[in-house]
Amino acid sequence: MTEATDTRTPDSRPTGALSAQYQPGEVEQRRYEQWVSRGYFKADETSDKPPFAIVLPPPNVTGSLHVGHALDHTIQDALSRLKRMQGFEVLWLPGMDHAGIATQNVVERQLAAQKLSRHDLGREKFVEQVWKWKAESGGAILGQMKRLGDSVDWSRERFTMDEGLSRAVQTIFKRLYDDELIYRANRIINWCPRCLTALSDIEVDHSDDDGELVSIRYGEGDNAIVVATTRAETMLGDTAVAVHPDDERYKHLVGTEVELPLTGRRIPIVADEHVDPAFGTGAVKVTPAHDPNDFEIGQRHDLPSITIMDERAVVTVPGPFEGLDRYEARPAVVAALREQGRIVAEKRPYVHSVGHCSRCKTTVEPRLSLQWFVNTTPLAQAAGDAVRDGRVRIEPPELAKRYFAWVDNMHDWCISRQLWWGHRIPVWYGPNGEIVCVGPDEEPPSGEGWKQDEDVLDTWFSSGLWPFSTMGWPEQTATLKKFYPTSVLVTGYDILFFWVARMMMFGLYAMDGVQPFDVVNLHGMVRDGHGKKMSKSFGNVVDPLDWIERYGADATRFTLARGANPGSDVPISEEWCQGSRNFANKLWNATRFALMNGATVEGDLPAPSELSTIDKWVLSRLQHVVGEVDEQFAAYEYAKVCDTLYHFAWDDVCDWYLELSKPVLAGTGAEAARTRRVLGHVLDQLLRLLHPVMPFVTEELWTVLTGGETVTRAAWPAVDAALIDDAAEEELAALQKVVTEVRRFRSDQGLKPSQRVSAALTGLGTAGIDTHEPLIRSLARLDAPAEGFTATATLAITGGVTVDLDTRGTIDVAAERARLEKDRAAAEKEAAQCRGKLGNEAFVGKAPEHVVAKIKDRLATAEADLERIAAALEALPTA
RNA sequence: GGGCGCGUAGCUCAGUGGGAGAGCACUCGCCUUACAAGCGAGGGGUCGUAGGUUCGAAACCUACCGCGCCCA
């Protein structure tokens, strides 16, 4: 891999030629190490430059770099590199999340392999074990980020469980507690019977699963009432039957009691607005301890709650079902009811929405238990207002609707987890029922009978503090002063609620109303080349490291960025990555060609008055491109940035400018010198523009081309309006038109590129391109008319140029006729369309003047074309 | 059930009132002295359907059909 590029020392101008192909592997590793060791990514809070800060969404310590990270990081890195070049003091702060349940599960699985549970070790030993795991196998992703080229400040790496962040967690917990925004209550919460912990609403994934719907008759005769349920076993904990108050069918039963089968208990029939009379029989069983809706009904009607299962979802009610798991108890209960003739109807399969633990996929069990909650009402209000009043901008703006839908209807947040890995809740319970919340600088109460709460906090509690806890909060650090609020938060729209809303709530609360970031830039999910979700079972998962290995980090990044249209998902495929690799190679070869031809960045750029039209044209195009890229970056339009640069580099620079410049570069005079300077300038600027997205190849080429130390710190190109030259652009368009038309003729005639053809060109002056005749001849492979020149074909080109060609009698008349007929059809269609519009009085009367003028122009062009085509057809020998 | 979004070339997507575009794929011709990971040329779309607004609709409005996502 190294033999390709090792002909020069890393920092100097080339001592030999660049290889014919770009080999990313060696370049990437060498450049990355150099960047870090030279401190290019270090942020300086004492700098006078304006700040630009991004905090990296902390990946899980258990994670490895997947393609979603690759997209997220590519965007953040592009922004960071752009801003560095634009003269900002950039902080991109890396770190990791301790990922409570996920990490604990990893270590528990390891223990299970040795037939051990965490309880065998005990809390202290277990947590020690987790730390050990973290030290040995955690954080693999950090090394992988380097492969991608992430320009993070490694000296500031943080971990949500490190000392400083733990202090931040305790500080904010205490504040919220003292402000009565944290409370403890017996509530129904989502419970994972496998992880044995509470889950917040967002840690539950819903899916439509096959189940059963069983209709059960409670009571006898006229008093009988039928209820339907997908979870028959919970009937053991029913404490009422509810019907809608206006439901005529049951009016006579409201207020009466009915016997609950299998238990002998008598339960009331209550009326509640919440019941949907149209669903099933219109009567529902009420199990307050095992269903969130039923819990609400229970509260309203003051019903008792009977817990019938333990934390592992095993039935605890004394009797025949005791000791059965919920899935064993369900058929057992149904069988017992059937024996009593109480099963009225059964529907299997019955598809309904079922909640699953987002970590282990186990079906969650709603469970009544004592947990800690955050009262989100005031916090969510502030989080919504910050976006409503424009202090925080969500990009793309359409996604703000989703954000509002969430923050404006937020439930209180269950923050306690029955885990051992995480921030332990800083609350102590005394022997006489005292409850003390301990702040970071306070000593916990000691003495007989005091015990700390056993639970830890939800992982998102600490990651919600990330934008300021990582900068040293609660201390008033220089870093916070310089870099808070952060500039942009880049993340996928899937964690808008998980994380963004939490950071908004905590940031505004902890930082006296100052938002944690000015802009939230949301991107989509990475999908395969057919827009399908990537999944292991489908076998379409892309490993970014694999692509980096085979195609290079730049190609991988370019592919991702090129697909990143605002608000929509990002499809990628290996073919497209190959295309990106090809693009990197194109840049490599263009630079190689330029160096071989003496391109330089020494000295001032010649004044436009001294330059050829070709040079003026490419400089003019460059100005437009710089302006477009600036606008596109400012609008977070990464796909468009890539597209603009791809076309400028490939079409304008490589296909036209380099080709047009070859004859000049072959010379040695002053004109050649000027073109070498322009070529050097254009490539220098192009490599700068591409650096944010393709950092490695641009660094390698730019340092070789310019002799500069690094492009990472080179100034971002600025538009020079004096170099915009409409006349040069028009002239080039006319030139391109002639060349393209001749090429088309040659191709249609089956003339090989090696076959020179004599031709006479007329009308170049009319088109304003008479000075370019030699260029046209070289690009279109046309020789000057020799003695005995006889035109066998005539090309009449829009703009007034005529090319008479002597094909030495080999003209394919049929092909030429077909070509001309096609052109005529197109021109006729165009002319008819224009005449139609201009003949429409309403159009001429109501359309804006410039639109009408444009149509008139088009008609004139089409008519002139028709005339020329007719003449050419006329002149064609009859077959 | 509630909300949001999307249907444009074979595939993936830009285009949001005034000549249907890109990348890839495809066809043809080329080892033209930077690059075959390349060069040149070309074919291909009644812009989901039906109405409406407008001088003019792929774009705006309404309905419908199909697909996706989020929430319950």
Mind checking [X] for me? I need base, sugar-phosphate or nothing, with any heavy atom below 4.0 Å counting as a touch.
X         : answer
Ser573(A) : nothing
His647(A) : sugar-phosphate
Asn565(A) : sugar-phosphate
Tyr646(A) : sugar-phosphate

May I ask you to test the [X]-[Y] pair for a side-chain heavy-atom distance under 4.5 Å?
X         : Y         : value
Arg743(A) : Val738(A) : no
Asp272(A) : His244(A) : no
Val354(A) : His356(A) : yes
Thr675(A) : Tyr657(A) : yes

Measure from NZ or CZ of Arg562(A) to the centre of the six-membered ring of Tyr638(A) and say whether it is under 6.0 Å with the direction within 45° of the ring axis.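 The answer is no, since Arg562(A) fails at least one limit relative to Tyr638(A).
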
Give a yes/no verdict on a cation-pi contact between Arg581(A) and Trp547(A), requiring under 6.0 Å between NZ or CZ and the six-membered ring centre and an angle within 45° of the axis.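 Relative to the ring axis of Trp547(A), which defines the angle, Arg581(A) lies outside at least one limit.
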
Mate of [N] where both pairing distances stay under 3.5 Å, Watson-Crick or G-U:
N      : value
A14(B) : none
G45(B) : none
G29(B) : C39(B)
U62(B) : A50(B)
G56(B) : none
C67(B) : G5(B)

Please collect all salt bridge (Lys or Arg N to Asp or Glu O under 4.0 Å) contacts where either partner lies in residues 646-666 of chain A, sequence neighbours excluded, each pair once.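 Every salt bridge (Lys or Arg N to Asp or Glu O under 4.0 Å) pair that includes a residue of residues 646-666 of chain A, provided the two are not neighbours, is Arg621(A)-Asp652(A), Glu659(A)-Lys662(A).
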
Roughly how many Å apart are [M] and [N], using the [atom1] atom of each and rounding to a whole number?
N      : M      : atom1 : answer
A9(B)  : A20(B) : C1'   : 10 Å
G68(B) : G29(B) : P     : 43 Å
C31(B) : C13(B) : C1'   : 34 Å
U8(B)  : G3(B)  : P     : 25 Å
A63(B) : G23(B) : P     : 38 Å
U49(B) : A59(B) : P     : 10 Å

With sequence neighbours left out, write down each residue that passes side-chain hydrogen bond (donor to acceptor under 3.5 Å, both in side chains) with Ser573(A), or none if nothing qualifies.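 With sequence neighbours excluded, Ser573(A) shows a side-chain hydrogen bond (donor to acceptor under 3.5 Å, both in side chains) to no residue whatsoever.
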
In B/S/- notation, 5' to 3', how is nucleotides 2-7 of chain B contacted by protein heavy atoms closer than 4.0 Å? --SS--

How does protein contact run along nucleotides 30-42 of chain B, one letter per nucleotide 5' to 3', with B for base contact, S for sugar-phosphate only, - for none, heavy atoms under 4.0 Å? S-B-BB-BSSBSS

What class does the angle between the rings of Trp650(A) and Tyr646(A) fall in, given that below 30° is parallel, 30 to 60° is tilted and above 60° is perpendicular?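 Ring orientation, 0 to 90° scale: tilted.
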
Between the side chain of Asp528(A) and the main-chain N/O of Gly531(A), is any donor-acceptor distance below 3.5 Å?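 Such a contact is found between Asp528(A) side chain and Gly531(A) backbone.
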
In a table with atom names and distances, give each donor-acceptor pair under 3.5 Å that connects a side chain of residues 837-857 of chain A to protein atoms at least two apart or in another chain.
residue: Asn840(A); atom: OD1; partner: Ala842(A); partner atom: N; Å: 2.9
residue: Asn840(A); atom: OD1; partner: Phe843(A); partner atom: N; Å: 3.4

Counting only non-hydrogen atoms, which of residues 833-848 of chain A are less than 4.0 Å from RNA chain B?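 Residues of residues 833-848 of chain A under 4.0 Å from RNA chain B: Asn840(A), Ala842(A), Phe843(A), Lys846(A), Ala847(A), Pro848(A).
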
What's the closest nucleotide to the Glu575(A) side chain, out of A22(B), C24(B), G19(B)?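 From the listed options, C24(B) comes nearest.
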
